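Reading through the structure tokens given below for one structure.
Note that the structure is a prediction, hence the values are computed from the model and not measured. By convention in this document, chain letters (A, B, ...) are assigned in the order of the sequence lines, proteins followed by strands, and residues within each chain are numbered from 1.
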Amino acid sequence: MLDMTPVETIERQALRINPAKTCQPIGALYAALGIHRCLPHSHGSQGCCSYHRSHLTRHFKEPIMASTSSFTEGAAVFGGAANLRQALKNIFHIYNPDVVAVHTTCLSETIGDDIPSIVKAARDEGIIPEGKHVIHANTPSYVGSHVTGFANMARAMAELFAQRNGGAKDQINVVPGFVEPSDMREIKRILFEMGVKAVVFPDTSDVLDAPQTGRHAFYPKGGVTVDSLISTGDSRMTFSLGPYASEEAGKILRTRFEIPNKVLDLPVGIGATDRFIEAVMGVTGTEPPEAMMDDRGRLVDMMTDNQQYFYGKRAAVFGDPDHVVSMTEFLRDLGMQPVYVVTGTPGRRFETAVKGILAQAVPDAKVKAFSDLFELHQWIKKEPVDLLVGNTYGKFIARAEDIPFVRFGFPILDRVGHGYFPCVGYRGGMRLVEKILGVLQDREDRDSPDHSIELVM
Amino acid sequence: MHQGSDEKREHGPDPAQFVEEVVRDYPAKVARKRLRHIVPVSPDGQCEIQANVRTIPGIITQRGCCYAGCKGVVIGPIADMVHIVHGPIGCSYYTWMTRRNQAKPREDGQYYLDYCFSTDMQEDAIVFGGEKKLKAAIREAHEIFRPKAISIHATCPAGLIGDDVVRVGDEMSKELGIPVFGFACEGYKGVSQSAGHHIANNGLFKHVVGRKDIPPDGYAVNMLGEYNIGGDAWEIERILNRCGISILSTFSGNGSFDEIARSHTANLNIIQCHRSINYMAEMMETKFGVPWLKGNFIGIKATSKTLWKIARFFEDPALTQRIEAVIMEEEAQAGVEIAPYRGRLAGKTVALFVGGSRAHHYQDLFKDLGMKVIAAGYEFAHRDDYEGRDVLPFLKVDADSQNIEELKVDKDPERYRPRIDDEKRKRLMAEGVISTYGGMMPEMDKGAVVIDDISHHELEKLIERFKPDLICSGIKDKYVIEKWGIPSKQLHNYDYGGPYAGYLGAVNFARDIDMRVNGPAWGFITPPWKKKPILEAAFGAAA
């Protein structure tokens, strides 16, 4: 397993090995699935759309519907306008969506296809039926990562739908981040329990966790509606959960409608969830309900009850920046030592945030954005860790180095549950504690000699 | 339950009427085009179908791109090489361990299948060109791993900005002193993965095949177009070895650079996947004189038939006797083991939409199980895969495929070695042993429907009208099909099972299909109270 990885690191300028990220369009496609009756459309070669659909299907174990402009060499030379017009005509005729959300690819970006003018021409020619919408996001694969693509499509939703229609409503906007349908559902529940009316967008709950009923709904019942998206221009405030995935959407609403945008960490773990709850309290002016305080108390109870299993354990965390930042803080709060913290997404902000979190607890932690799993593995080979937290690709390092491993983030291709059970909020925190504790205790059970194996832990 | 009524399954809808219904929901132009891809099998099995033409934009298709066919399918499985993808990160990332082409390291330990290499192209490369970065990446790979060979794969933007991966490969070969070769397999080329297969065949033939001469061995063969999904290649190897036949190299499952380098010394090429590798068989025959035969190791009878063909080719009584003995023993054993599953599966209906050869291969295995194929189609095949190679002289290359290079191959003046004389060649060809493939359609039942490059809409219509007991497809369709309450078997990744090839594989497959079709979970889709005529309510009754 990963036997060719040497311990010694050389400085690489050009070769990416075992990435901790993928490209923008898949994030845009995922976000677009969070609009009710929306068909995501990939403007590029067929392969992009095929890869993204396959990959999201492997992660969610759900149908992923999306169409493609099916570029051939001719389109690559002469431009993809004809393909997109033809695609729009066919899509509205055959699949009848309310919204088509076009995202670009490195191909259409490199040749410079101008999506707004192609869409405008299509509308002028009557290709786009009355009352139907085509939105778009530029998602060049050679900039940022899949998280950037999510952010760009979330921004497009705000930019192309939001209207000011008569003053501030008693509602807030929440951009939940590149999280699971379970997380979006939990965020909505928390807001509801705290008495806040909110437009959560995108919202893939009831889309990518659809029940087995014997009927496939091409457009499942979930997703944020166009009316709700239009109304985001009248909201009092936007909460952007996770700067990398969500800030762009909040920023455009602030720029256009002067709606204050509060950028928060993804509410994963106790600290980040507390800050989220406090922010919501700032809107409602009231304390959270008792049931939610009980959830919090139960999470803290699990943390205090099990400190001996966490204390001083060296951990490595990798994945998407918003996820990793909050997870690092949570591991620190559990008493662990996150010594290696890595994301594949570029951006200094990540390193600043993580270093801030670890300044006191682990001042010499290795923290790196725009890194990869090959580098992380080399660090681990040099000085091992007691726990690895990250997406499915971590299992190869975990196996090679025999490290307890918790799957967290995107993608999780080899286990189920993430789509149904949240990681956000106090309840999500409890789930994470259970998962982390489980692998650490399993390891202790495996490695203890017979005379010291514990019945009670 | 998920199954249609018995009446429906016996008779099914009228195929011609079904075809009409399917295209009714399309715009007129689309309907006209799609009609040529949807063909009921005629009584004589002789029918024409449109294939290997571009997918209509906006239609939800199974198809991928040229790069996927080259790097993802043919070159990626070669385990002892470093494969660098030149482009933004996604293309390399999505072909990282996703295709289940298993392999084991050889004695030298070189093994890279669990690695993903990319130049991770950024905006500056798009603007200023990426060749400099590509060269640097190749040097870094060489410095870190010291691999025996490196391949480079172009993605859409690399081609558009004019980066020449073929030239960079040649230059880096000279600089580093190891084989480095580029594949210009940009995603927009051709109309599907198929173009990429061809490009990959050309590259392997030019740069690897024939690199190392070894003395010829009597029963040494190559397995062409066998990708070792779920360990298929190892089961094929087990059977061939039992017969006394050795595999010199496999293209390209469990693939090895060194083994492919000597593959031209084999005495026979056995083609499993005709679509992806027939180019290689023809080029090896022209240059080195290696004959080829189309086999199929999917299915009990199919495996035996393939072994018979091999016996007929070598015409050695001792070998024939061994093959006969292996067939007797293995068929008997497998027959006993699949019998209980067959009892539960016989008569059930199945539709298969996959690949460029698998939709044909698996029909043989379903016959072993007594299941009835009511519809089938390929994702990226050509007409010869549907209608047989006799159609080849009549195929026209359209504008989308004309830029895919046809290598000009000549007899190698020193190394060409005829394995059989002309008279035997003619005889074996006439008997259908070598140099021939009859395609899928002639072997299908009259009235079955063939759909090329099936769309999402067509799949849903098929489910609605035929209500098959099982649909075989890939990951993108799987959960659509199962949300309709119909079991789906993935024939790309085998739902993480396998091997399904050979005799042991057939037994695995029978068990997995029984599990999928007859599994208890399907029975819970309808809650019990929906199955009862009247709802009784204690609370309500008092009011």
Q) For the atom pair OG1 (B:T98) and OH (A:Y51), what is the distance rounded to the nearest 0.5 Å? A) 7.0 Å

Q: Could you have a look at B:A141, B:G90, B:G474, B:S118 and say which one has the most heavy-atom pairs with chain A under 4.5 angstrom?
A: B:S118

Q) Heavy-atom distance under 4.5 Å between the side chains of B:Q122 and A:F370, does that happen here? A) yes

Q | Toward chain B, the part of A:L88 with a non-hydrogen atom under 4.5 Å | A | neither

Q) Distance from B:H456 atom NE2 to A:M65 atom CE, nearest 0.5 Å? A) 4.5 Å

**Q.** Under 4.5 Å from a heavy atom of chain B, the part of A:F396 involved
**A.** side chain

Q: Answer whether the closest heavy-atom distance between the side chains of A:P140 and B:E123 falls below 4.5 Å.
A: no

Q: Measure distances from A:F218 to the heavy atoms of chain B and classify the residue's part below 4.5 Å as side chain, backbone, both or neither.
A: side chain

Q: Kindly give the heavy-atom pair with the smallest separation between A:A210 and B:K483, and that separation in Å.
A: O-NZ, 3.2 Å

**Q.** 4.5 Å side-chain heavy-atom contact, A:L39 and B:I60
**A.** yes

Q. Given a strict heavy-atom distance threshold of 4.5 Å, which part of B:L113 is in contact with chain A: side chain, backbone, both, or neither?
A. neither

(Q) If I take atom CD from residue B:E458 and atom CD1 from residue A:I94, how far apart are they, to the nearest 0.5 angstrom? (A) 9.0 Å

Q. Checking heavy atoms, do the side chain of A:L2, its backbone, both or neither come under 4.5 Å from chain B?
A. both

Q | Under 4.5 Å from a heavy atom of chain A, the part of B:I126 involved | A | side chain

Q) How long is the span from the NZ atom in B:K478 to the OG1 atom in A:T57, to the nearest 0.5 Å? A) 11.5 Å

Q) Non-hydrogen atoms of chain A under 4.5 Å away: do they reach the side chain of B:N493, the backbone, both or neither? A) neither

Q | Test item: B:F524 and A:Q212 side chains (from C-beta on) under 4.5 Å apart, heavy atoms | A | no

Q) Hey, is the main chain of B:S192 close enough, under 3.5 Å, to the side chain of A:Q46 for a donor-acceptor pair? A) no

Q: Kindly indicate, with the supporting measurements, whether the criterion side chain to side chain contact (heavy atoms under 4.5 Å, CB included) is fulfilled by B:I59 and A:Y95.
A: CA-CA 9 Å; B:I59 300 293; A:Y95 308 110; 4.3 Å; yes

(Q) I'd like to know which of A:A66, A:P346, A:A82 tops the heavy-atom pair count under 4.5 Å against chain B. (A) A:A66

Q.
Counting heavy-atom pairs under 4.5 Å with chain B, which one of A:G214, A:S45, A:S70 comes out on top?
A. A:G214

Q | Heavy-atom pair count under 4.5 Å with chain B, highest-scoring of A:N83, A:I91, A:I64 | A | A:N83

Q.
Report which part of B:C65 has an atom under 4.5 Å of a heavy atom belonging to chain A: side chain, backbone, both, or neither.
A. both

Q | Crowding at NZ, B:K530 (>12 non-hydrogen neighbours, <6.0 Å) | A | no

Q. Under a 4.5 Å heavy-atom cut-off, does chain A meet the side chain of B:R54, its backbone, both or neither?
A. side chain

Q: Let me know if A:P211 has heavy atoms under 4.5 Å from chain B in its side chain, its backbone, both or neither.
A: backbone

Q) Would you say the side chain of A:P19 lies within less than 4.5 Å of the side chain of B:W96, judging by non-hydrogen atoms? A) yes

Q: Give me the ring orientation class for A:F374 and B:F145: parallel if the planes are under 30° apart, tilted from 30 to 60°, perpendicular past 60°.
A: tilted

Q | Exam field: side chain A:N90 to backbone B:P27, donor-acceptor pair closer than 3.5 Å | A | no

Q: Please indicate whether A:R85 has more than 12 foreign heavy atoms, meaning atoms of other residues, nucleotides or ligands, lying under 6.0 Å from its CZ.
A: no

Q | Atom group of B:Q193 that falls short of 4.5 Å from chain A, counting heavy atoms | A | neither

Q.
Using a 4.5 angstrom heavy-atom cutoff, name the option from A:Q24, A:Q86, A:R215 with the most pairs to chain B.
A. A:R215

(Q) For the CG atom of B:D114 and the CG atom of A:D3, what is their distance to the nearest 0.5 Å? (A) 7.5 Å

Q | Contact origin within A:L413 toward chain B - heavy atom pairs under 4.5 Å | A | neither

(Q) Given heavy-atom pairs under 4.5 angstrom as the criterion, report whether the side chain, backbone, both or neither of A:S67 touches chain B. (A) both

Q | Pick from A:P25, A:A75, A:S69, A:C48 with the largest number of heavy-atom pairs that fall under 4.5 Å of chain B | A | A:S69

Q | Side chain / backbone / both / neither for B:Q62 at chain A, heavy atoms under 4.5 Å | A | backbone

Q.
Which one wins on heavy-atom pair count under 4.5 Å against chain A: B:A136, B:G72, B:C116?
A. B:C116

Q.
What part of A:T105 gets within 4.5 angstrom of chain B, counting heavy atoms only: side chain, backbone, both, or neither?
A. neither

Q) Under a 4.5 Å heavy-atom cutoff, which of B:R139, B:K132, B:M97 has the most pairs with chain A? A) B:M97

Q) Rounded to the nearest 0.5 Å, how far does OH of B:Y479 lie from NZ of A:K61? A) 5.0 Å

Q | A:A76 versus B:L160, closest heavy-atom pair with distance | A | O-CD2, 3.9 Å

**Q.** Test item: A:K21 side-chain N/O and B:I89 main-chain N/O as donor-acceptor pair under 3.5 Å
**A.** no

Q) Under 4.5 Å between any side-chain heavy atoms of A:R12 and B:I144, yes or no? A) yes

Q: May I ask you to decide if B:P157's main-chain N or O and A:Y142's side chain share a donor-acceptor pair within less than 3.5 Å?
A: no

Q | Heavy-atom proximity to chain A below 4.5 Å, by part of B:V480 | A | both

Q) Would you call A:L373 and B:Y115 a side-chain contact if the rule is heavy atoms closer than 4.5 Å? A) no

Q: Return the minimal non-hydrogen interatomic distance between A:H216 and B:W484, and the atom names on each side.
A: CB-NE1, 3.4 Å

Q. When you look at NZ of A:K89, are more than 12 heavy atoms from neighbouring residues, nucleotides or ligands closer to it than 6.0 Å?
A. no

Q: Quick one: which of A:R53, A:E62, A:M4 has the most heavy-atom pairs under 4.5 Å with chain B, could you say?
A: A:M4

Q.
Just so I know, are the side chains of A:D372 and B:D120 near enough to count as touching, which here means a heavy-atom distance under 4.5 Å?
A. no

Q: Could you look at A:F60 and say if it's the side chain, the backbone, both or neither that has a heavy atom under 4.5 Å from chain B?
A: neither

Q.
Counting heavy-atom pairs under 4.5 Å with chain A, which one of B:I56, B:T55, B:D124, B:T155 comes out on top?
A. B:T55

Q.
Can you confirm if the aromatic rings of A:H52 and B:Y94 lie within a centre distance of less than 6.0 Å?
A. yes

